[in-house]
Engineer: 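Let me begin by handing over the structure; questions about it come next.
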Amino acid sequence: MESKKLKLKSYKYLLFISLFCILHSLFLPKAFAEGTQLKISPSIIRIQAQPPADIHAPFTIENQSDDSVSLKIGYKLFDRANSRTGTISFLKNDQSIPAQDPYFFSKVQVIDADNFSHDTIELGPKQKKKLLLRITLPKGQPTSDYYFSLIFLENITQLDQKDTEVEKKQQPSAITLQSGIGLNVLLAVGPKEEPQATIDAYTTPLLRQAGPVPFLLTVDNVGTHFINPHGTITIKNIFGQTVGRVAIKNSVILAGTSRTFTSTENLDTASDDLLLAGSTIVWPEKFLLGLYTATISLSLSDAGPLTTRTIHFIAFPLIFIGGLLLFILLLFFIYWRVKKKITER
Amino acid sequence: MLSQNLKNRKQKSTITFLLVISISSFSILHSPFLESAHADTVSNSNYSIDVDNIDTNPQPTPKKTVQQVLGTSITQSLKSDFTTGPNYTVKESTDSFSLGVAQNAIDLGVLSAANPVIRNSEIFLTNADHGGEILTYQNHPLLAQDKKIIPDTSCDNGACTETTGAPWESNLTYGFGYRCDSVTSQICDQQFNKVDIFKQFPDNSKNEFLQPIIMSHHSSGKTTGTVTYKVTISATQNQEGYYNSITYIAIPNF
């Protein structure tokens with residue numbers, strides 16, 4: 001009897017321990033051994049300055065890993081033409097600065113709250129540091145835009161290499177992985193001007209059978225500074241009723257470049273064909289019938305000016321209408337056959 | 001009477017067992033959802049106090065504007081010839097952006113002829129509002145102390161470069177290369193959709209330009225990719241330790 005009780009007790013303990021292990025393993029976070037995790041906030045700083053100006057822009061960098069990390073600070077300029085889609089491509093080392101001041105980076109530094117300038121920073125495990133990007137623009141600084149990434153690159157230690165021949169042959173090979181993270185700085189230097197941009201392309205196929213409806217929108221910034229337009233496409237049916245609205249993502253267009261816009265929503269509903277065609281502003285409505293009007297209202301900045309343009313498209317669900325007609329014909333045929341049979345009797 | 005006693009004891013032990021199970025399950029299930037608490041440090045040049053879980057400001061504080069930040073002693077203490085504040089405006093996005101590299105080093109072991117070494121490592125990106133990309137380059141090819149190198153692979157058909165991928169299956173094709181596999185969503189180059197496609201790392205010592213290894217075009221939380229490193233050496237290659245460093249730089253889109 002006692003042994004049975006003991007057995008039962010041990011089974012209970014076993015059950016409890018295994019339950020604990022299973023539940024514990026289920027909720028364990030995935031661990032990255034000895035890696036580096038860096039976080040930066042914000043991802044973009046937009047500055048408009050009229051010299052003379054002593055600019056201070058705050059940002060935060062965080063070491064999310066369990067080991068200390070030493071980061072060196074550097075700057076890299078965008079290649080404007082190749083970065084116009086919003087995905088950054090940097091200037092090559094032999095390319096000259098596409099701005100008025102070739103010594104611009106001598107006016108840029110990263111400082112802490114005590115106003116000490118840094119070219120490297122040390123971050124302990126899980127440590128977060130608030131820093132300031134300081135740009136000093138003297139009087140007479142020429143009007144120009146500067147687009148660059150402020151980059152924090154990990155300082156790495158080189159691996160030991162053995163000297164003797166015997167040691168060399170048994171020496172394992174290895175790759176050191178170095179991490180870096182950047183934030184984008186868009187700086188417009190010079191007097192504030194009204195944004196100047198034109199809608200280069202605003203199109204959609206004229207005739208379609210069904211939704212979703214793709215729109216292609218390309219805006220050309222002809223001004224001297226970057227702009228940050230936003231807006232909506234309003235879709236109305238033949239009776240003038242508003243049947244849909246598509247928001248246009250708030251995206252920066254660099255000076256002297258054009259950008260094709262994407263929608264903030266509905267991206268997942270767009271088919272791959274539409275996305276590949278570059279038409280990534282999508283009205284997700286599936287059933288369409290008749291003439292539609294799509295008016296774009298694009299505000300080139302928070303204070304305007306507003307640009308509008310209207311296009312039309314016709315939707316005719318050929319398959320649906322064809323099927324419906326076929327069904328009606330079939331019903332008519334059955335009715336006629338039945339009627340004929342009744343009259344024959 | 002005896003059987004009644006036994007029954008009662010059995011019931012009691014079952015209830016105790018159930019209680020233990022439910023309490024432990026509750027504590028296990030509860031723990032992952034607890035907010036992590038970080039220790040705080042308060043210090044100046046004269047003192048330093050380390051405290052656990054202190055809430056120094058339980059009230060919500062209004063977000064400081066740039067003008068307010070500039071109005072503090074930090075700016076006032078600056079000895080500058082320039083005016084501040086009215087001549088500029090700073091607009092920051094409200095998002096953040098992060099990069100994770102699972103390891104700091106990849107051990108390739110002792111290399112031997114025609115015996116490919118394949119290693120994997122995960123990298124991830126937590127996207128900003130407009131997505132982001134991870135750019136990569138190597139400082140130089142795999143290099144030994146006596147300056148001998150393992151060249152970058154040219155793949156089986158001799159076609160792969162730092163921008164173009166090509167198949168690399170043969171053990172008799174020597175060199176060093178990589179491929180990337182998307183773990184969460186399509187973030188690696190579409191050239192890698194075919195198995196055994198490899199590329200070279202851009203070589204900084206040859207002035208080759210850094211190339212995107214991971215690209216995410218819209219904010220979709222955390223996206224992870226697995227990088228596969230492959231090395232094969234020929235019989236004529238000196239057997240010794242070869243080293244280089246691969247850099248991953250995460251840059252947000254705008």
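Residue numbering restarts at 1 for every chain, and letters A, B, ... go by the order of the sequence lines. All figures in this text were calculated on a predicted structure; none of them were measured in a lab.
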Engineer: Side chain, backbone, both or neither: which part of Ile151(A) has an atom under 4.5 Å from a heavy atom of chain B?
Structural biologist: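 Just its side chain gets close to chain B.
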Engineer: Using non-hydrogen atoms only, which part of Ile134(B) is less than 4.5 Å away from chain A: side chain, backbone, both, or neither?
Structural biologist: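 Neither the backbone nor the side chain of Ile134(B) comes within 4.5 Å of chain A.
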Engineer: Do you see a donor-acceptor pair shorter than 3.5 Å between the side chains of Asn87(B) and Gln50(A)?
Structural biologist: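 There is no such pair (donor and acceptor under 3.5 Å, judged by atom type) between the side chains of Asn87(B) and Gln50(A).
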Engineer: Do Asn155(A) and Ser70(A) have side-chain N/O donor and acceptor atoms under 3.5 Å apart?
Structural biologist: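 On atom types as modelled, these side chains qualify, holding a pair under 3.5 Å.
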Engineer: Is the NZ or CZ atom of Arg80(A) both under 6.0 Å from the centre of the six-membered ring of Phe90(A) and within 45° of that ring's axis?
Structural biologist: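 Pair Arg80(A)/Phe90(A) does not count as cation-pi.
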Engineer: Should the pair Asp66(A)-Lys126(A) be classified as a salt bridge under the 4.0 Å nitrogen-to-oxygen rule?
Structural biologist: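 A salt bridge links Asp66(A) with Lys126(A).
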Engineer: Side chains of Ser245(B) and Thr176(A): any donor to acceptor distance under 3.5 Å?
Structural biologist: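 Note: Thr176(A) and Ser245(B) side chains miss the donor-acceptor criterion.
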Engineer: Taking the ring of Phe176(B) and the ring of Phe201(B), is the distance between their centroids below 6.0 Å?
Structural biologist: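 Yes, close enough.
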Engineer: Quick check on Gln239(B) against chain A: is it the side chain, the backbone, both or neither that has a heavy atom closer than 4.5 Å?
Structural biologist: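 Contact with chain A is through both the backbone and side chain of Gln239(B).
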Engineer: Check whether Thr136(B) gets within reach of chain A through its side chain, its backbone, both or neither, counting any heavy atom under 4.5 Å.
Structural biologist: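 Contact with chain A is absent: no heavy atom of Thr136(B) under 4.5 Å.
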Engineer: Need one label for Asn207(B): side chain, backbone, both or neither, based on atoms under 4.5 Å from any heavy atom in chain A.
Structural biologist: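 For Asn207(B), side-chain heavy atoms alone lie under 4.5 Å from chain A.
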Engineer: At a heavy-atom separation under 4.5 Å, does Phe226(A) approach chain B through its side chain, its backbone, both, or neither?
Structural biologist: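 Contact with chain B: none, neither part.
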Engineer: Can you confirm whether the side chains of Ser117(A) and Gln109(A) place a donor and an acceptor under 3.5 Å from each other?
Structural biologist: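 Indeed, the side chains of Ser117(A) and Gln109(A) share at least one donor-acceptor pair under 3.5 Å.
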Engineer: Name the region of Leu91(A), side chain, backbone, both or neither, that has any atom closer than 4.5 Å to a heavy atom of chain B.
Structural biologist: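 For Leu91(A), backbone heavy atoms alone lie under 4.5 Å from chain B.
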Engineer: By a 4.5 Å heavy-atom criterion (distance strictly below it), what part of Asp79(A) contacts chain B: side chain, backbone, both, or neither?
Structural biologist: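 The answer is neither part of Asp79(A).
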Engineer: Go through the atoms of Phe209(B) and report whether side chain, backbone, both or neither lie under 4.5 Å from a heavy atom of chain A.
Structural biologist: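 It is the side chain, since no backbone atom gets that close.
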Engineer: With a 4.5 angstrom heavy-atom cut-off, could you sort out which part of Leu135(B) is near chain A: side chain, backbone, both or neither?
Structural biologist: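 Contact with chain A: side chain only.
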Engineer: Within a 6.0 Å radius of atom NZ on Lys39(A), are there more than 12 heavy atoms belonging to other residues, nucleotides or ligands?
Structural biologist: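 Open.
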Engineer: With a 4.5 angstrom heavy-atom cut-off, could you sort out which part of Glu154(A) is near chain B: side chain, backbone, both or neither?
Structural biologist: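 The side chain, not the backbone.
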Engineer: If I measure from the heavy atoms of chain B, does Thr87(A) come under 4.5 Å with its side chain, its backbone, both, or neither?
Structural biologist: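 Both parts, backbone and side chain.
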